[in-house]
**Q** 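Provided herewith is a single structure, encoded as C-alpha cells, for subsequent inquiry.
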2 protein chains.
Amino acid sequence: MAALDLLGRRGALRIVWELREGRVLTFRALLAAAELPPGTLNTRLAELRAADVVAADGGYRLTARGAELIVALWPLMAWSEAWAASLRT
Amino acid sequence: MAALDLLGRRGALRIVWELREGRVLTFRALLAAAELPPGTLNTRLAELRAADVVAADGGYRLTARGAELIVALWPLMAWSEAWAASLRT
DNA sequence: AGAGGTGCTTCAATTTTTGTAGCAACATCA
DNA sequence: TGATGTTGCTACAAAAATTGAAGCACCTCT
C-alpha cells in the first residue's frame, strides 16, 4: 500500500486537506494553514507533486487526482470530527 | 484536525488497515504485517489505544470506534489502489 | 528440561522534523 | 530610483522520531 506510505508522512494529509474545494494557496499561506515548518512543507510538496496529487501553477492546488483523493477523504474527515467531538465530552 | 495528527504518524494508518475486518493480530504478527520496528509499533499502539481506536485483549483488534474508522478509510483505500495501478502504466 | 511463542525493552546509529533566519526575484508605490 | 512588501524557497543546528538487531521475562506445550 504505497499510498499509505505517502499519505502517512507528517503533514501530507493535512496539506491535501487544506487544498480542498479548489483552494489555491501560496507556499506561505500553506505554511500557516498546515502548521508546518518550511523545510517539511517543501519536502511534502515535492512528494505530493511527484505523486501527481498537487500541482504548482502560480500557487499550489490539487490535480484531478488530488481532487479524487479529497472525495475519498471526506468520510475520514467526518470520522475525525466525530472522534474529536466525543473526546470533548 | 487532531485526528489527522494521530493518523498522520508513521505506520498509524497502516496498523489500522492491517486490523480491518475484525482481524486479531499478535504484536509479532502486526510487526510483520505493518512492517514496523517494535519500538515504533509499540509507540503507535499506545497512541491508538489512548485514542480508543485499538484494543488489546489477547491480541490487538479494533474497537467499535476503530471499526467506524475502517469504514471511513474504505474510499481512501480504493483511491490508493487506483493510484498505484495508474503508476504501473 | 527444552523448544517455542508471547509482548515487549534497550541501545546506538540514522533519519526526520523543527524553528529561526535569511536570500534572491519580483511587484508596488513613491 | 529607492524603499517596501511578497513570493518561494534554502541553510543550519538542535531536537525528536525511527530503525534494526538483540535480548529478556513470561507462559505453554511436549
Side-chain angles (χ1 to χ4, degrees), chain A residues 1-63 65-67 69 73 76 80 83, chain B residues 1-63 65-67 69 73 80:
Chain A
M1 203 97 322
L4 283 195
D5 186 49
L6 173 70
L7 299 174
R9 294 197 164 101
R10 192 150 257 138
L13 276 177
R14 179 70 179 269
I15 290 170
V16 172
W17 181 242
E18 297 299 342
L19 294 176
R20 68 192 178 279
E21 293 166 7
R23 287 172 200 189
V24 181
L25 298 186
T26 64
F27 188 91
R28 284 171 190 260
L30 258 180
L31 224 41
E35 298 173 298
L36 292 172
T40 304
L41 176 59
N42 199 33
T43 302
R44 282 308 156 268
L45 283 175
E47 293 163 353
L48 290 171
R49 290 168 70 179
D52 188 30
V53 169
V54 164
D57 60 328
Y60 290 96
R61 73 185 72 223
L62 294 181
T63 61
R65 175 166 293 157
L69 174 53
L73 238 33
L76 179 59
S80 289
W83 177 83
Chain B
M1 203 97 319
L4 283 195
D5 187 48
L6 173 69
L7 299 174
R9 294 196 163 102
R10 191 149 262 138
L13 276 177
R14 179 70 179 268
I15 290 170
V16 172
W17 181 242
E18 298 299 343
L19 294 176
R20 67 191 178 279
E21 294 166 7
R23 288 174 199 188
V24 181
L25 298 187
T26 64
F27 188 91
R28 283 169 191 261
L30 258 181
L31 225 42
E35 297 174 297
L36 293 173
T40 304
L41 176 58
N42 200 32
T43 302
R44 280 309 154 270
L45 283 175
E47 293 164 353
L48 290 171
R49 290 169 69 179
D52 188 31
V53 168
V54 164
D57 60 328
Y60 291 97
R61 74 185 70 223
L62 294 182
T63 61
R65 176 166 292 156
L69 174 53
L73 239 32
S80 288

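The chains referred to below are lettered A, B, ... by the order of the sequence lines, with proteins before strands, and numbering in each begins at 1.
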**Q** Nearest to the side chain of Tyr60(A), which nucleotide is it out of dC8(C), dC9(D), dT19(D)?
**A** dC9(D)
**Q** Starting from C1' on dG19(C), measure out to CG on Leu41(A) and report it in whole angstrom.
**A** 14 Å
**Q** State whether Asn42(B) places a side-chain N or O below 4.0 Å from either non-bridging phosphate oxygen (OP1 or OP2) of dG7(C).
**A** no
**Q** Short question: side chain of Arg14(B), backbone of Asp5(A) - any donor-acceptor pair under 3.5 Å?
**A** no
**Q** Could you state the atom-to-atom distance from CG of Asp5(B) to P of dA16(D) in whole Å?
**A** 16 Å
**Q** Using a heavy-atom cut-off of 4.0 Å across all strands, would you classify Thr26(B) as base, sugar-phosphate, or nothing?
**A** sugar-phosphate
**Q** How close or far is atom P of dG22(C) from atom CG of Leu31(A), stated in whole angstroms?
**A** 17 Å
**Q** Below 4.0 angstrom from OP1 or OP2 of dT19(D), is there any side-chain N or O of Thr40(B)?
**A** yes
**Q** Tell me which of Leu45(A) and Leu36(B) sits closer to the 5' end of DNA chain D, going by the nucleotide each one is nearest to.
**A** Leu45(A)
**Q** CZ of Arg44(B) versus C1' of dC8(C): gap in Å, rounded?
**A** 16 Å
**Q** So how far is it from Arg9(A) CZ to Thr43(A) OG1, rounded to the nearest 0.5 Å?
**A** 10.0 Å
**Q** Kindly indicate whether the side chain of Arg28(B) and the base of dG7(C) share any N or O donor-acceptor pair separated by less than 3.5 Å?
**A** yes
**Q** How long is the line joining CZ of Phe27(B) and C1' of dA25(D), in whole Å?
**A** 15 Å
**Q** What nucleotide, of dG20(D), dA21(C), dG8(D), holds the atom closest to the side chain of Pro38(A)?
**A** dA21(C)
**Q** Return yes if some donor-acceptor pair links the side-chain N/O of Thr63(A) with the main-chain N/O of Val53(A) below 3.5 Å, else return no.
**A** yes
**Q** Students often get this wrong, so: under 4.0 angstrom with heavy atoms, is Arg10(A) touching a base, only sugar-phosphate, or nothing?
**A** sugar-phosphate
**Q** Is a side-chain donor or acceptor of Arg20(B) paired with a backbone partner of Leu62(B) at a separation under 3.5 angstrom?
**A** no
**Q** May I ask you to test the Tyr60(A)-Ile15(A) pair for a side-chain heavy-atom distance under 4.5 Å?
**A** no
**Q** Within this structure, what is the CD1-to-P distance between Ile15(A) and dC9(D), rounded to whole angstrom?
**A** 12 Å
**Q** What integer distance in Å separates Leu30(A):CG from dC9(D):P?
**A** 11 Å
